[in-house]
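Working notes, beginning with the structure itself.
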Amino acid sequence: MSARFDLVTLDARNAEALVLFWSRALELVVTETEDDGRWTVLGDADSSRRLGIQRVHETESGPAAVWAGPTKARVHLDLSCEIDEFNDEVDRLLGLGAVRLRDDRVESYGAIATLADPEGNIFDLCAYGGV
């Protein structure tokens, strides 16, 4: 199975304010929260609509540093795949012309690859579950 669209993620300096705004604007509720609110997913009852909000500190080093700079992305796509397909799917996307922006990482919720398409648009491939 190839990667499938998962959700659009908005990067924010004040994630709490953005969660409040978008939950009210779209009448969505918080369905997931990770890392003390660094990552929040809003959705409706059947998960047909999902919006991610990710707190990003543009001046810090480490994982968020990839977003810093004059062309910092404020929105990125999240794709998902099964955990046992993760490495093959990363390789397939790289073969299609994607570029790896940083080393793949493991978070509490699964494996993440941060990539860019041939035009430089950032997206994450997420494999949720045990790793």
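Residues Leu7 and Thr9 form a side-chain contact, since some pair of their non-hydrogen atoms from C-beta on lies under 4.5 Å apart. Residues Leu94 and Leu115 have side chains in contact (heavy-atom distance under 4.5 Å, counting atoms from C-beta outward). Side-chain contact between Leu42 and Val30 is present, with at least one heavy-atom pair separated by less than 4.5 Å.
At a threshold of 4.5 Å between side-chain heavy atoms, the hydrophobic network of Ile, Leu, Val, Met, Phe, Trp and Tyr places Leu20 and Leu10 in two separate groups. Clustering ILVMFWY residues whenever any of their side-chain heavy atoms sit less than 4.5 angstrom apart, transitively, puts Phe21 in a cluster other than the one holding Val29.
Taken from OH in Tyr128 to CD in Glu107, the straight-line distance is 11.0 Å, to the nearest 0.5 Å. Note that the CG atom of Leu18 and the CD atom of Gln54 stand 11.5 Å from one another [nearest 0.5 Å]. Annotation: the span from Ile112 atom CD1 to Asp104 atom CG amounts to 9.5 Å, rounded to 0.5 Å. Asp78 contributes atom CG, which lies 10.5 Å from atom CZ of Phe123 (distance to the nearest 0.5 angstrom). The CG atom of Asp88 lies 12.5 Å from the OG atom of Ser2; values are rounded to the nearest 0.5 Å. Taking OG of Ser80 as the reference point, atom CZ of Phe86 lies at 11.5 Å (rounded to 0.5 Å).
Among the candidates Val41, Asp44, Leu51, Thr40, the single residue satisfying the side-chain contact (heavy atoms from CB on, under 4.5 Å) test with Thr31 is Val41. Exactly one of Arg105, Arg100, His76 qualifies for a side-chain hydrogen bond (donor to acceptor under 3.5 Å, both in side chains) with Thr114. That residue is Arg105.
Nearest approach of Arg55 to Arg13, heavy atoms of both residues: CG-O, 4.0 Å. Looking at every heavy atom in both residues, Pro118 comes nearest to Gly97 through CG-O, 3.7 Å. Taking both residues in full, the closest heavy atoms of Ser108 and Asp35 are given as OG-OD1, 4.3 Å, listed atom of the first, atom of the second, then distance. In terms of heavy atoms, Ile53 sits closest to Ala15 at CG2-O, 3.8 Å.
Heavy atoms from other residues, nucleotides or ligands lying under 6.0 Å from CG of Asp84 number more than 12.
Side-chain atoms of Asp46 come within 3.5 Å of backbone N or O of Ser48 as a donor-acceptor pair. Arg49 contributes a side-chain N or O that, together with a main-chain N or O of Leu26, makes up a donor-acceptor pair within less than 3.5 Å.
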Task: Val75 vs Val8, side chain to side chain contact (heavy atoms under 4.5 Å, CB included): CA-CA, chis, key distance, verdict - done: CA-CA 7 Å; Val75 175; Val8 173; 3.5 Å; yes
Task: Arg4 vs Glu89, salt bridge (Lys or Arg N to Asp or Glu O under 4.0 Å): CA-CA, chis, key distance, verdict - done: CA-CA 11 Å; Arg4 57 197 171 276; Glu89 190 59 14; over 6 Å; no
Task: Worked verdict on Leu79 versus Asp6 for side chain to side chain contact (heavy atoms under 4.5 Å, CB included) - done: CA-CA 5 Å; Leu79 308 180; Asp6 190 22; 5.8 Å; no
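The side-chain hydrogen bond (donor to acceptor under 3.5 Å, both in side chains) analysis of residues 17-26, with sequence neighbours excluded, yields no pairs.
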